[in-house]
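Bear in mind that the values here come from a model prediction, so they are computed numbers and not experimental data. Throughout, a chain's letter reflects where its sequence line sits, starting with A, and its residues are numbered from 1.
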Amino acid sequence: MPAKPKAAKTLVSSPTNVQHAFFPYARYTSVVGVHTSLVAFTALFLPQTSLLLWPMLADPDRPQSQFQDALTDSPVITLAWIVAGLVVLQVWWAGWIRQWCFEYTSRGGTSDQIKVDRYQYDRGRFSKLGRAAVFTSCVALVFHATIVLFGAPSASHLPHTLLLAMVLALLSAFAPAYALGSPSLSSDTSSLITRLNWTRLFAELSPRNPIERALVYPAVATLLGAWLGAFPIALDWDRPWQAWPLTPLFGGIAGYIVGSLSALSVSALQWLADENIRREQSEKQKTT
Amino acid sequence: MISREFRILLWVLCVHLAGIYLFTKGFLLTRLALPDRGAYANTELATHKRAVLLVIDALRFDFIAEYPPEPASPFHHNILTLPRELTAAHPEQSFIFNAHSDPPTTTLQRLKGLTTGSLPTFVDAGENFGGSSIHEDSIIHQLNAAGRKIALAGDDTWLTLFPDAFQPNLTFAFDSFNVEDLHTVDEGVIDNLLPLMQHHSWDFAIGHGLGVDHAGHRVGPDHPVLRAKLEQMNHLLRDVVAAMDDDTLLIMLGDHGMDRMGNHGGDSVLETMSALWVYSKIPLSLPEHTIPDAILPTITFPDATVPQRHVQQIDLVPTISLLLGLPIPFNNLGTVIPELFNRDGSSLQKAMELNAAQIRHYLDAYRSSSSGKELDAAWHDFSFAWDDIDSMDGNDRLVALDNFTRLALSACRVLWAQFNTFLMSAGLAVIGLSIVAGWALYSKLRDVEDDEWEKWVDDKVLWSFSASAVGFAIGYPTHIMFHEYLDGVATHQTMLFAAAISSLLVMITTTRPTITLKSLKSLPIFLILHTLCFASNSFTVWEDRIVLFFLISSIVPSVITGFTAPTSRLRYRILGFSALFAVCTRLMAMSTVCREEQHPYCAVTFYASESSSAPPIISLLLAFPVAIAVPRVVRRILRISKSDSGLAATFIPLLLTPSLIAGTLFWMLEWADSAQVLGDMGDVLRVVRTGLARTAAAVMLIGGISIWWTSPVCLAISKSQSSGASATQEKTEVTVLGFANAFGSPYLMFWLIFLSIVWLMTQLSGQIVLGLSSIALLSYLEIIDSVRDVHGLNAAFTSATPSSTLDLTNTNRDLVFSEIVPLALLATHTYYSTGHQATFPSVQWKSAFVLGKTLSFPFSHVSVALNTFGSFLLFALAIPLVVLWNLPPVPHPRPKIGASALRAALGMSLYFAVLAFGAAACAAVLRRHLMVWKIFAPRYLVAVFELGVVDVGVLVGVGVGVGKVGREIGRVFGKVVDT
């Protein structure tokens, strides 16, 4: 993994940066907490709404709780609820990330400069949101093709697979696209930089700061979770929850939550280490 | 001269074969099925003209017992009460027994036992491997031979076993597979059996209901559903008894029991204790004659209080035969049930004499057969018991007769129905150690110095072969010393084991690779997961889909590397070829023959439909285009490295294309012939296509190989005039085209020869799959080549001398195991996509007749083998391409293609050795599993054949192909190549 030496490098070079290190850890922690809980709620409880709308008949031969019934009865409806919930959640979450990105890049500037940037930043919000949405849809299509390549049915279950691809794209691609800009194939400098950024983050997997970590970890963990989620399908237990694509769906969501929390823990750990170094340095300065 | 690569791979093959042989001998016990028929009919003892055999699947003994276990269950005890009511009322007409069903307690095996009277084994030698129909003598055969008419209502397993035995107008068979369906079969029995009772157009009626069994599987025995089922069966019994006349005998039985969960298949007490009830309207047993207690054994059901009569289930076979006046089936090992012959003083003795004589006759016949040696150990006891009979009289004689027949049964049971754990563990030990040795060789070979590896390998070969000779010699005295502890192990098996183990231990101790953190970190995750699949029946059943999943996953690292590639050319190459690879493999997966267990989540696409063996329309349309396109794609890919010249320029268009088209044409004609598209043309089509197939095979094997052997180079030389440094002097510039791929392209030609042979043996849908998998192979070779370039470039950028990137030889060519894994998975994927599954019915017997109209040794056998395991042969042969592809023959450093090709071969063999070990270990651990004979044992057999074929493939590829290419390129470019 190329990530290792680079991570080490940032550690070594951090003492010079720590003086200006910016990251609103308190806010980050609370937002991650709320966000992951809401994602879990969306996955498990939002589909329960179906029960209120269409009280359904459970299969008497395979008795399971009504809670499970609501999730497994119609996978497409479950998926649709989750997509609807995630659209709202991810826009909210990506807004935070973008905000931090802005604060991170504009730190150290004069207050006038920041005001101008702030104006630019606010004005570009909706066009950026639109571009991120378009990009996320493209990613969803690519994911759909990839899932089919991995062995999902190619002719049947189209809505199932497409909605799964949308969930995965929303979880993994939307926030980076909104915060970092969507990569494009045009040849001007800014899109080249965006492309290089995306390659570094999602191909080399080497995030350098807490914001990038908050983007990369959940994205990778989502895909990994969905991959692992494919395994229980083969079991001959004949349970309603083995229906396509429930296991990769919940695998992906679980992966997202785990990834998000581990990004938080790694960043927190790093911050504590930096704090420690800074304190030691300042103590040394005091003594000299 | 035999090359050293050949010798060491031969050693690997021998070790693998030794391990497989030992394990198989312990696991798959064989019993010779003798074709003889029982001939001696005795009608004196016959009491009935007709019989009704009502099988209630999984009817455990306690379901009908008068004294069920305490406390009784409200759901399955005291519900099916008719047998015990009748027994209480008419003890001379109605008999309840606790019958022992021999494990495996599965319906198919039990029906075999119930009709033939023999013991179950997995492979009945002498039987046709293809079908599961019974060829041994059985009650059904005897009924047919006597001209009696047989009716059937219920489970269609009977039709599988006896395809032609039943009266077509009296056969009402229902699908037995759907466990979810509790009622269809039972209602079929009720609706058809009762009307049958009304008229006497039959002599033997079989009813077989599955509801109780399915209810057990689905909800377990403690469930109201089972209660309802048993009530329904009780009702059915009442109706049958009411409709019976005096000439009819009723036998009701459970073919096996069920465990506490409602499942069956194993050998637990609850599974083997099945119910048996015999009822006749005329008295069979008169109380005034007493039977000695010694031949009336009893047994107590777990938790019950009162012991009950205990018989063997196969005892029914001689009993029914004699009561109906039929000869006892030849292979029977059951003993007549004494109560049913107790009418007068002599009947019972007469029946038992006939029974004993039949068993004696069978044992004699078996002993004089080719497998007769198996009985040697027990023969003395047989003779003793037999002689004992003559010296006795009266009741003692009955006891002696019973002794003899029971001794025969128990001795044969020991021989045939038990696994030999000694041999199984010996086999597992040999295969396991061969994996360690293979891995040691594989990793150590990388570290050996370039100049020393030849001597190093020679040493290894010498050491291991001498060690095996010593071990072989030591094995003999060891066996003599310890033979009393080695139960059921023959002398040659001990010697083989000693030879294999000693040579392996010597190999391992002399080749200790250094285990580093890095080698532990690069664990072959897909190999481990693939092997673990065999521990679960579900994952084994769905292996075809899982392999696709792993295959696509295994190239994800390459795709990620592609995104980070420093040049856009490499980026596009990796991403483009990865996409091509993934699309090809996904398209291959569209072709499948489903195995039974995959229903209803699978649809057959390899054939036109589930019940047809014709190719689907799409294959008919695409076969010719694919046959024409594949050679073109191969040339197009070769053109990337400009190596489509030389041999390739003639070989591909003049030999490969015609032979692929001939192969496709053959199967087109076969389809036209069997579908009668062109009307009935007599033998014309057959003669034409046999000629076509033979010509294509001969041209490729003789012509193709000889052309390849004489000039295996794909190079061309172009000269151009160019002005040199001084304008006056003209220089001739010589360019060698195809230099960059000088090793890979000629070896690919070698591989294409085998592709065309396998192509010929593969049906139309399979040919399309083979075409796709060849393209996938070439794409994969391009991917790994580019990925190595990326790693080389990245390493050069970070190194102190970036200019070393210009030195194209300095790229890191060390083979890593993860480069082999996708090809091993692709081989398995191709196996499944070419219409195969790890089941016997999926063998494509059609391919036996490619080279001739009739079965002929060895052509039919070779063509079926190539059809079935051709994919493994092809990809084993292709494995050297992983190291040869795009490897230029530059002088410094000399490419050590011999050593790296050997490593690739060892790696491939290692992959399949691990799979075989996993399959064997899982089959051994799960040998009492319900599904062992349906899922685990067949997968083990496939794994064994895979390993053998892969070993042979790498032997030919590296030992012959790579050696020849290396020498030839070395000759062309001077001594630059280290072979």
Can we call the ring centroids of B/Phe563 and A/Phe202 under 6.0 Å apart?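 No - the distance between ring centres of B/Phe563 and A/Phe202 does not fall below the 6.0 Å cut-off.
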Is the number of heavy atoms from other residues, nucleotides or ligands under 6.0 Å of [X] [atom1] greater than 12?
X: A/Phe67; atom1: CZ; value: yes
X: A/Met166; atom1: CE; value: no
X: A/Leu261; atom1: CG; value: yes

Rounded distance (nearest 0.5 Å) linking atom CZ of B/Phe581 with atom CG of A/Leu149: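 One gets 11.0 Å once the value is rounded to the nearest 0.5 Å.
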Residue pairs involving residues 567-593 of chain B (criterion salt bridge (charged side-chain N to carboxylate O under 4.0 Å, His left out); sequence neighbours excluded):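 As it turns out, the salt bridge (charged side-chain N to carboxylate O under 4.0 Å, His left out) pairs with a partner in residues 567-593 of chain B, which skip direct neighbours, are B/Arg573-B/Glu782, B/Arg573-B/Asp785.
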Which bit of [X] is near chain A, if near means a heavy-atom gap under 4.5 Å: side chain, backbone, both or neither?
X: B/Ser553; result: both
X: B/Asn537; result: side chain
X: B/Val547; result: neither
X: B/Ala589; result: neither

Which portion of A/Trp227 sits near chain B, non-hydrogen atoms under 4.5 angstrom: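 For A/Trp227, heavy atoms of backbone and side chain both lie under 4.5 Å from chain B.
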Is A/Ala152 close to chain B through its backbone or its side chain, or both, or neither, when contacts mean heavy atoms under 4.5 Å?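 For A/Ala152, backbone heavy atoms alone lie under 4.5 Å from chain B.
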Which one of B/Leu548, B/Leu551, B/Ile552 satisfies the side chain to side chain contact (heavy atoms under 4.5 Å, CB included) criterion with A/Phe150?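 When B/Leu548, B/Leu551, B/Ile552 are each tested with A/Phe150, the side chain to side chain contact (heavy atoms under 4.5 Å, CB included) holds only for B/Ile552.
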Is any side-chain heavy atom of B/Ile546 closer than 4.5 Å to one of A/Phe231?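 Heavy-atom side-chain distance check fails, nothing below 4.5 Å.
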Could you go through the side-chain contact (heavy atoms from CB on, under 4.5 Å) check for B/Phe539 and A/Leu235 one step at a time? CA-CA 7 Å; B/Phe539 286 117; A/Leu235 291 169; 3.8 Å; yes
Would you please name every residue forming a salt bridge (charged side-chain N to carboxylate O under 4.0 Å, His left out) with B/Arg595, sequence neighbours left out?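 Checked B/Arg595 against salt bridge (charged side-chain N to carboxylate O under 4.0 Å, His left out); matches are B/Glu597.
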Is the backbone of A/Asp236 close enough, under 3.5 Å, to the side chain of B/Ser538 for a donor and an acceptor to pair up by distance?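 Checked: pair present.
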Taking heavy atoms only and a threshold strictly under 4.5 Å, list by residue number the residues of residues 139-148 of chain A that touch chain B; give 'none' if the list is empty.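 Checking residues 139-148 of chain A against chain B gives A/Val148.
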Any residues in residues 176-197 of chain A near chain B, with a heavy-atom distance under 4.5 Å, and which are they?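 Within residues 176-197 of chain A, no residue comes under 4.5 Å from chain B.
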